[in-house]
Amino acid sequence: MGVSDKSLGGAMLLAASVVFIYYTTWAMLLPFFDSSSPIHDWFPSREWVVRLPAFLLVVGLSSIGALLGSTMVQENRRRVQQARLRTA
């Protein structure tokens, strides 16, 4: 039967909350800890705080652009085919 929408939404909300807390701690709170603190071992280097969201943004926008482009090409092909059928 599958997973109910409510439990799936709860799992997605929990995952988003964990990612948000992890990233916020990494980006905003980590600079206030001493560099010799063991909390620094839990996170990647600070340069990835900017690189990771930038990479995800580029991949996301490229995916959206590819989806829109393929949809426009398919719609154009369908319109051309319908125009051919009308003239035939």
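Residues take their numbers from the sequence shown, with the count starting at 1. For clarity, every value in this text was computed on a predicted model and none was experimentally measured.
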_How about CD on E75, more than 12 heavy atoms from neighbouring residues, nucleotides or ligands closer than 6.0 Å, or not?_
yes

*Output yes when a side-chain donor or acceptor of T24 lies under 3.5 Å from a complementary backbone atom of I21, and no otherwise.*
no

*So do P53 and L57 actually touch side chain to side chain, heavy atoms under 4.5 Å?*
no

*If you measure from CG on L13 to CZ on F20, what distance do you get to the nearest 0.5 Å?*
12.0 Å

*Would you indicate whether the side-chain heavy atoms of L30 and T25 approach each other to under 4.5 Å?*
no

*asked:* Could you measure the distance from the CD atom of Q81 to the CG atom of N76? Nearest 0.5 Å is fine.
replied: 12.0 Å

*What's the shortest heavy-atom distance between L67 and T71, and which atoms?*
O-OG1, 2.8 Å

*Ignoring hydrogens and angles, tell me if any N or O in the side chain of S7 forms a donor-acceptor pair with the backbone of V3 under 3.5 Å.*
no

_Donor-acceptor pair, side chain of R46 and main chain of A27, under 3.5 angstrom_ = yes

*Check: H40 side chain, D34 main-chain N or O, donor-acceptor pair, under 3.5 Å*: yes

*Answer yes or no: is there a donor N or O on one side and an acceptor on the other, between the side chain of S37 and the main chain of F33, under 3.5 Å?*
no

_Transitive ILVMFWY side-chain link F43 to F32, under 4.5 Å_ = no

*asked:* Ring-plane angle category for Y23 and W26, please: parallel below 30°, perpendicular beyond 60°, tilted otherwise.
replied: perpendicular

*Got a second to check how far R77's CZ is from Q74's CD, nearest 0.5 Å?*
7.5 Å

*Hey, could you give me the CG/CG distance between L56 and L61, rounded to the nearest 0.5 Å?*
11.0 Å

